[in-house]
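For the numbers below, each heavy atom of this structure counts, side chains included, while hydrogens, waters and symmetry mates do not. Computed from a prediction, not measured in an experiment: that's the story for all the values here.
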Amino acid sequence: MWELIRSGNVMMIPLGLCSLVGLTVFLERLYALRRGRIVYPEVAEAVATLDAGPDLGVAKAILDRKPGPFSNIVRAGLDHADDDWTIVRDVLQEAGRQEAVRISRNLGVLETVAAVAPLLGLLGTVFGMIRVFSAVSSAGLGDPELLSGGISEAMITTAAGLIIGIPTLVAYNWLRGRADAIIFELEQHATSLLDGLRRRKLRAKGA
């Protein structure tokens, strides 16, 4: 295996870096995008029962115990609970956009690695073929070792680029789908929060 990597020549260094970066980001996002770590059931229950009473202290205490993107969005709404509902809506939208960016962070790195790795492999192929043609021009076709070295470099870098790029692209699409599903669920809870605050305010006016 080490001999194969060595025969890929200098282009195996950036390809190795791409592999390391892709694996690191994948593991970090895999840990960060766990639904149970973001959409806490306690916070969701607090949102669902928000209009049951006038006191928001219990809900805020739950948010203090369960920090995270979901809690940040809910807190933004509770901090403006007494404002007009259009203001609360705008606040929730802005908080949701900010948290969506945080949830999706580093996914662009995976997408970049998936696109760049095959291109680096192709560049290694070009370098390998240049070696082949250079060997042919200087030594003719009588030295098979020189020819095989250049062809080996060309093929190995191509294979390495694809081996890195294909799984990284699959990982990116999978994590992108997971992030989008979480963001959509947070949007649903934000809508429920807005409705709960509106009902709470209407009941307070009618009391």
Mind listing the closest non-hydrogen atom pair of [X] and [Y] along with its distance?
| X | Y | answer |
| --- | --- | --- |
| L15 | A117 | CD2-O, 3.5 Å |
| P67 | Y40 | O-CE1, 3.5 Å |
| V43 | S71 | CG2-OG, 3.7 Å |
| A114 | G165 | CB-O, 3.8 Å |
| P167 | I163 | CD-O, 2.8 Å |

So [Y] and [X], do their side chains get closer than 4.5 Å, heavy atoms only?
| X | Y | result |
| --- | --- | --- |
| E187 | I73 | no |
| W174 | L30 | yes |
| R75 | N72 | no |

Which residue is it: L193, L194, D195? I am looking for the one with a side chain to side chain contact (heavy atoms under 4.5 Å, CB included) to T191.
D195
Could you tell me the separation between the [atom1] atom of [X] and the [atom2] atom of [Y], rounded to the nearest 0.5 Å?
| X | Y | atom1 | atom2 | answer |
| --- | --- | --- | --- | --- |
| I38 | R102 | CD1 | CZ | 12.0 Å |
| D84 | R89 | CG | CZ | 9.0 Å |
| I183 | I103 | CD1 | CD1 | 5.0 Å |
| R105 | L107 | CZ | CG | 10.5 Å |
| L33 | I182 | CG | CD1 | 5.0 Å |
| L92 | L197 | CG | CG | 7.5 Å |

E28 atom CD: more than 12 heavy-atom contacts under 6.0 Å
yes
By ring pair (Phe, Tyr, Trp, His ring centres under 6.0 Å), H189 pairs with (sequence neighbours left out) F70
What's in the same ILVMFWY side-chain cluster as V91, cut-off under 4.5 Å, chained through other members?
I87
For I166, what are the other residues in its hydrophobic cluster, where any two members join if their side-chain heavy atoms are less than 4.5 angstrom apart?
L162
Does the side chain to side chain contact (heavy atoms under 4.5 Å, CB included) test come out yes or no for L120 and T157, once each step is laid out?
CA-CA 8 Å; L120 289 173; T157 54; over 6 Å; no
Check E185 with R35, please: is the shortest side-chain N to carboxylate O separation under 4.0 Å?
yes
Do [X] and [Y] share a hydrophobic cluster (ILVMFWY, side-chain heavy atoms under 4.5 Å, transitive)?
| X | Y | value |
| --- | --- | --- |
| L122 | I164 | no |
| L27 | V21 | yes |
| V126 | I156 | yes |

So, does [X] use its side chain to make a donor-acceptor pair with the main chain of [Y] at under 3.5 Å?
| X | Y | result |
| --- | --- | --- |
| S192 | Q188 | yes |
| T168 | L110 | no |
| R176 | S104 | no |

